[in-house]
Amino acid sequence: MSELIRAENLSAGFKFKTIWHNANFVVEPGEFIGLLGANGAGKTTLFRLLLGIEQPFSGSLLVFSKPPERGNPRIGYVPQRRSIDSETKIQALEYVRLGTYGNNWGFSSPAKATRERHQALKSLEQVDALNLAYKPLNELSGGEQQRIFLAQALAGKPDLLLLDEPLANLDIRRESELIKLVQSVAKLHNMAVILIAHDINPLLPVVERIIYIANGKIASGKVDEVVTSSSLSALYDAPIEVLRDSRGRLAVLGVEEAMHHAS
Amino acid sequence: MLRSLAVISNTAFSWNIAQDLRSMWQYAFMQHAFEAGTIVAIVAGVVGYFVVIRRLSFAAHALSHVGFAGAAGAALIGVNPIYGLLAFTSGGGLAMAALGRKAASRDVQIGTVLAFMLGLGVLFISLYKGYATEAYSLLFGEILGISSTDVYITLIAGILILIATLLLYRRLLFTSLDEDVAEARGISILGMSICFMLLIAVATSIAIQVVGVLLIFALMVTPAAAAQRISGRPLQGITISVIISLVVSWIGLFVSYYVAYPVSFFIVSAAFAVYLATRLIPQRAARS
């Protein structure tokens with residue numbers, strides 16, 4: 001299978017303001033990519049371009065060899081969420097089921113409803129959440145909710161998974177559990193994953209490449225190529241220091257100051 | 001001025017419910033009340049479920065106030081108030097939908113418009129000769145004064161709402177529960193929002209006849225809110241919501257036949273009692 005995504009000289013923005021420009025990258029089937037950058041850098045904007053919700057400012061973007069179009073069933077999407085409204089009570093299984101039928105008109109026939117439930121249960125099984133199927137979403141913990149959201153995205157059997165900040169509000173142990181889960185599910189179905197995160201460290205064991213957005217520019221490549229002092233300094237136009245500790249974890253220093261400087 | 005039924009009826013409550021119902025259905029106004037009340041209860045139960053999961057209860061409440069101005073204006077120019085209701089609530093609903101997806105949750109702005117509309121309604125009502133009666137029945141409902149024409153209008157509006165809900169069901173549910181993903185899956189958020197606001201507008205208009213502008217919550221929100229606490233499955237929730245609103249409406253009508261207090265008081269009280277009861281169910285045990 002050929003490449004899933006190809007971006008050439010891609011820029012995002014509105015009439016008078018570009019958010020970032022000149023992005024060039026390719027995503028191959030089955031790749032696990034981390035999308036990093038400070039708040040407001042335009043990470044979610046890249047997702048919205050890929051989903052066809054927003055249009056590129058300039059340059060070209062191909063998703064599955066075509067310009068992106070809204071409603072592509074080959075893309076599974078988990079948006080960033082604060083948390084589920086504690087007053088809205090919806091069963092996890094019913095929520096996952098939305099991923100199998102939600103964009104249809106009308107009602108599901110009883111036979112179809114049974115198939116949908118079956119499919120939803122399979123998705124829940126993939127994320128190891130069968131035991132949560134009949135619980136209301138608002139009573140689950142943050143990590144459990146993320147698994148349900150993931151199951152909903154998987155229910156459409158996508159080739160590309162877009163995950164927006166799934167690690168927000170999770171503690172370190174839950175972070176690494178979720179990352180490993182995403183990796184194993186993606187491997188099993190040869191799905192490509194683009195995962196937005198603040199921090200590179202939880203992603204280090206799993207990502208093949210990263211896309212880094214800063215200061216209106218985008219760099220992409222292997223972690224060792226992009227997360228280096230020289231590459232990030234060029235991206236931020238300010239001295240950035242990348243340190244590595246004895247366990248291989250990375251620390252990026254100077255971003256706060258650089259952002260402060262830029263604004 | 002509310003008709004007090006107990007004065008009209010000289011039959012006493014007999015514990016033979018079938019016999020009691022037969023005796024009250026001898027009166028045409030009582031028949032009409034039961035017919036309209038049943039249609040409204042079904043519609044309000046269905047639409048109310050989506051009002052609750054979309055967090056639009058205040059918007060629905062505001063729309064009924066917009067409807068008050070419309071109904072009062074219609075009465076003033078000598079038109080059936082239901083047409084004024086439909087015109088104003090639909091216009092208000094379209095405006096809310098067009099102002100954007102977050103507009104319906106801006107409580108200060110909605111509250112401001114709500115107060116203005118109520119004021120406008122008061123002006124129209126005071127210009128109208130039948131001042132007190134008309135105002136009273138619009139604000140608190142006057143189901144015992146429903147004509148057979150009103151029942152037909154209610155029936156047609158009710159059928160249209162139910163058909164529209166059937167056609168939109170899965171998309172409506174998806175956008176209500178998960179707007180961002182629904183948008184990515186190709187559903188028009190604005191389109192669904194417009195459709196749903198129109199559904200609320202029509203449902204509110206016919207429900208005002210039963211419980212009035214000020215008590216609209218009792219039929220459009222309370223039964224659905226109670227149902228939502230009982231079941232986490234949408235179809236089940238909608239069914240329970242319909243059953244609750246049907247039962248409280250019937251209880252209200254039934255009791256008012258014997259006790260000389262307003263029907264809407266009994267409906268609102270019964271709905272409130274059901275809601276209280278569901279609050280008492282421990283949430284963990286209430287899982288289905």
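These numbers were taken from a predicted model, which means no experiment stands behind them. Quick note on labels: first sequence line is chain A, next is B, and so on, each numbered from 1.
Heavy-atom contacts from other residues, nucleotides or ligands closer than 6.0 Å to NZ of A:Lys112 number more than 12. By the neighbour-count criterion of 12 heavy atoms within 6.0 Å, atom NE2 of A:His189 is densely surrounded, having more than that number from other residues, nucleotides or ligands. The environment of CZ in B:Phe272 is sparse: at most 12 heavy-atom neighbours from other residues, nucleotides or ligands sit within 6.0 Å.
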Note to self: Please evaluate residues B:Arg185 and A:Arg70 with respect to the criterion side chain to side chain contact (heavy atoms under 4.5 Å, CB included), reporting the C-alpha separation (whole Å), side-chain torsions for both, the decisive distance (0.1 Å), and the verdict.
What the structure shows: CA-CA 6 Å; B:Arg185 293 288 290 270; A:Arg70 224 152 60 93; over 6 Å; no
Margin query: Set out, in order, the CA-CA distance, both residues' side-chain angles and the distance that settles side chain to side chain contact (heavy atoms under 4.5 Å, CB included) for A:Asn104 and B:Phe174, then state yes or no.
Written below: CA-CA 9 Å; A:Asn104 291 323; B:Phe174 203 178; over 6 Å; no
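Between the side chains of A:Gln80 and B:Asp180, no donor-acceptor pair is found at a separation under 3.5 Å.
The two residues B:Arg55 and A:Thr88 have their closest heavy-atom pair at NH2-OG1, 2.9 Å. Taking each heavy atom of B:Leu177 and A:Tyr95 in turn, the nearest pair found is O-CE1, 4.3 Å.
Looking at A:Leu98, both its backbone and its side chain come within 4.5 Å of chain B, counting heavy atoms on both sides. Of the two parts of A:Glu69, neither the backbone nor the side chain holds a non-hydrogen atom closer than 4.5 Å to a non-hydrogen atom of chain B. Contact of B:Ala184 with chain A is made through backbone and side chain together, with heavy-atom distances under 4.5 Å. Looking at B:Leu172, neither its backbone nor its side chain comes within 4.5 Å of chain A, counting heavy atoms on both sides. Residue B:Ile187 touches chain A through both its backbone and its side chain, counting heavy-atom pairs closer than 4.5 Å.
For the set A:Ala153, A:Pro73, A:Ala92, A:Gly99, the count of heavy-atom pairs under 4.5 angstrom toward chain B peaks at A:Gly99. Between chain A and the options B:Thr175, B:Asp178, B:Ile53, B:Val52, the largest number of non-hydrogen pairs under 4.5 Å is found for B:Asp178.
Figure legend: cation-pi geometry between B:Arg171 and A:Trp105, with NZ or CZ positioned under 6.0 Å from the six-membered ring centre and within 45° of its axis.
Residues B:Val181 and A:Phe149 are not in side-chain contact: their nearest non-hydrogen atoms beyond the backbone lie 4.5 Å or more apart. Here the side chains of B:Arg170 and A:Arg97 are not in contact, with every heavy-atom distance at 4.5 Å or above.
Under a 3.5 Å cut-off, the side chain of A:Lys89 and the backbone N or O of B:Gly232 do not form any donor-acceptor pair. Checking side-chain atoms of B:Arg233 against main-chain N and O of A:Ile90 turns up no donor-acceptor pair under 3.5 Å.
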